[in-house]
Q: 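This is the structure I want to talk about, given as structure tokens.
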Amino acid sequence: MKKGKLYVVGIGPGYEEHMTPRAKQCIEESDVIVGYETYIALIEYLIKGKEVHSYAMTQEVERANQAVEFAENGRTVSLVSSGDAGIYGMAGLVYEVLTEKGWSKKDGIYVEIVPGVSALNACAALVGSPLMTDFAVVSMSDLLVPWDIIVQRVDAAARGDFVIVIYNPQSKKRVHQLRDTRDMLLKYRAPNTPVAIIKAAYRDSQNIVMTDLEHMLDYSDNLGMLSTIIIGNSSTFMFDGLMINPRGYKSKYTLVKEENV
């Protein structure tokens with residue numbers, strides 16, 4: 001039996017323009033597509049005529065196992081993730097499954113992780129330049145990571161003056177986590193610290209709110225599983241509706257040369 005191929009594909013934030021040529025190439029080459037139903041819907045125009053297996057949320061393990069099984073049976077498979085498959089995506093789970101099955105790069109199915117534009121990249125581009133210096137990324141989902149560990153990570157990032165990107169900020173069942181995080185950050189940062197809330201970046205339902213740390217919880221309609229929050233550090237400022245984090249050039253260079261009179 002011929003060896004199958006498994007592409008774990010990051011399809012970017014949503015629009016075709018932000019999908020890499022390699023991602024499109026792998027999807028077009030595949031005869032089987034596996035993914036979460038929302039992500040499958042984003043690439044319907046690319047997968048007509050292919051065998052498609054669409055899953056509901058929280059069925060990640062089933063998705064990964066089915067994609068691996070198809071590839072083991074000689075098929076060419078694309079397992080799709082939004083954003084980048086290696087950042088809160090399917091790449092890690094696929095390799096965990098393969099490890100449990102005793103897979104090897106030399107003798108097993110061909111596996112390729114295809115990078116994509118992550119949510120943090122997409123959101124930062126929409127709101128200015130908030131990620132110009134060191135930043136930390138934290139998910140508020142405590143389904144797989146204990147909440148006390150998440151608290152430690154947020155506290156460390158806050159004390160280190162990192163710009164903080166928050167994934168999965170809130171859901172119907174998960175409300176106190178973001179409130180607790182905001183209260184923790186207020187111990188280290190000014191209430192007027194710039195905050196950007198980006199919902200459904202580069203999708204038809206995209207919505208952006210520019211606010212501050214004190215008031216970010218006032219926008220509950222924009223806080224959900226499709227939202228990403230970017231919280232500035234002590235250097236971040238707002239200018240003309242944009243969130244800007246200076247890289248530090250001003251301390252070493254003259255940014256705007258004076259014109260000769």
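For the numbers below, each heavy atom of this structure counts, side chains included, while hydrogens, waters and symmetry mates do not. As the structure is a computational prediction, the values presented were derived from the model and not from experiment. Numbering starts at 1 and runs along the sequence shown.
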Q: Please name the pair of heavy atoms, one in Met140 and one in Val154, separated by the smallest distance, quoted to 0.1 Å.
A: CE-CG2, 4.0 Å
Q: Starting from the C-alpha separation in whole Å, work towards a yes-or-no answer on side-chain contact (heavy atoms from CB on, under 4.5 Å) for Asp204 and Tyr15.
A: CA-CA 9 Å; Asp204 293 339; Tyr15 285 171; 3.6 Å; yes
Q: Val127 and Ala196: which non-hydrogen atoms are nearest, and at how many Å?
A: CG1-CB, 3.9 Å
Q: Keeping Asp155 on the side-chain end and Val151 on the backbone end, is there a donor-acceptor pair under 3.5 Å?
A: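 Not confirmed, Asp155 side chain does not pair with Val151 backbone.
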Q: Does the plane of the ring in Tyr110 sit parallel, tilted or perpendicular to the ring in Tyr7? Use 30° and 60° as the thresholds.
A: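 The arrangement is perpendicular - the two ring planes meet at more than 60°.
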Q: Do Tyr45 and Val52 share a hydrophobic cluster, counting only Ile, Leu, Val, Met, Phe, Trp and Tyr and linking them when any side-chain heavy atoms are less than 4.5 Å apart?
A: yes
Q: For residues Phe162 and Val165: do they belong to one hydrophobic cluster (side chain heavy atoms under 4.5 Å, members Ile, Leu, Val, Met, Phe, Trp, Tyr)?
A: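 Phe162 and Val165: separate clusters.
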Q: I'd like to know if Ile197 and Phe135 are part of one continuous hydrophobic network [Ile/Leu/Val/Met/Phe/Trp/Tyr, side-chain heavy atoms within less than 4.5 Å].
A: no
Q: If we only count heavy atoms from C-beta on, is the Tyr95 to Val111 side-chain gap below 4.5 Å?
A: yes
Q: Would you please test Ile150 and Thr181 for side-chain contact (heavy atoms from CB on, under 4.5 Å) and show each step?
A: CA-CA 9 Å; Ile150 296 173; Thr181 295; 5.7 Å; no
Q: Taking all non-hydrogen atoms of both residues, which atom of Ser82 and which atom of Arg203 are closest, and how far apart?
A: CB-NH2, 3.7 Å
Q: With a 3.5 Å distance limit and no angle check, can you tell me whether Ser227 reaches the backbone of Asn222 through a side-chain donor-acceptor pair?
A: yes
Q: So does Lys101 have more than 12 non-hydrogen atoms from other groups sitting under 6.0 Å from NZ?
A: no
Q: Treating Ser30 as the side-chain partner and Ile33 as the backbone partner, does any N or O pair qualify as donor plus acceptor under 3.5 Å?
A: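 Judged by distance alone, no pair lies under 3.5 Å.
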Q: Any donor-acceptor pair under 3.5 Å linking the side chain of Trp147 with the backbone of Gln177?
A: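 No, Trp147 side chain to Gln177 backbone: no donor-acceptor pair under 3.5 Å.
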Q: Taking the side chain as C-beta and beyond, is there a heavy-atom pair between Val145 and Ser139 under 4.5 Å?
A: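 No, their side chains stay 4.5 Å or more apart.
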Q: Quick one about Asp161 and Tyr188 (side-chain donor to acceptor, distance below 3.5 Å, no hydrogens or angles considered), yes or no?
A: no
Q: Using modelled atom types and a 3.5 Å cut-off, is there a donor and acceptor pairing between side-chain atoms of Asp84 and backbone atoms of Pro115?
A: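 Side chain of Asp84 to backbone of Pro115, a donor-acceptor pair under 3.5 Å: no, none is there.
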Q: Could you give me the CA-CA distance, side-chain angles and deciding distance for Met243 and Asn245, then say whether side-chain contact (heavy atoms from CB on, under 4.5 Å) is met?
A: CA-CA 7 Å; Met243 189 176 181; Asn245 199 301; over 6 Å; no
Q: How are the rings of Tyr88 and Tyr167 set to each other: parallel, tilted or perpendicular (split at 30° and 60°)?
A: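 Ring orientation, 0 to 90° scale: tilted.
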Q: I'd like to know if the side chain of Lys24 and the backbone of Leu46 have a donor-acceptor N/O pair within less than 3.5 Å.
A: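 A pair under 3.5 Å: no.
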Q: More than 12 non-hydrogen atoms from neighbouring residues, nucleotides or ligands closer than 6.0 Å to CZ on Phe239, yes or no?
A: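 No, the 6.0 Å shell around CZ holds no more than 12 heavy atoms from other groups.
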Q: If you look at every heavy atom in Ile244 and Pro246, which pair is closest and at what distance?
A: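 Scanning both residues completely, I find the closest heavy atoms to be O-CD, 3.8 Å.
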Q: Flag yes if more than 12 heavy atoms outside Glu60 fall under 6.0 Å of its CD atom; otherwise flag no.
A: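 More than 12 heavy atoms, drawn from other residues, nucleotides or ligands, come within 6.0 Å of this atom.
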Q: Between Arg75 (side chain) and Gly4 (backbone), is there a donor-acceptor pair under 3.5 Å?
A: no
Q: Which pair of non-hydrogen atoms, one from Ile231 and one from Arg189, has the smallest distance, and what is that distance?
A: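 The answer is O-NH1, 4.0 Å.
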Q: Show your working on side-chain contact (heavy atoms from CB on, under 4.5 Å) between Asn168 and Arg174 and close with a plain yes or no.
A: CA-CA 10 Å; Asn168 307 316; Arg174 185 166 31 80; 4.2 Å; yes
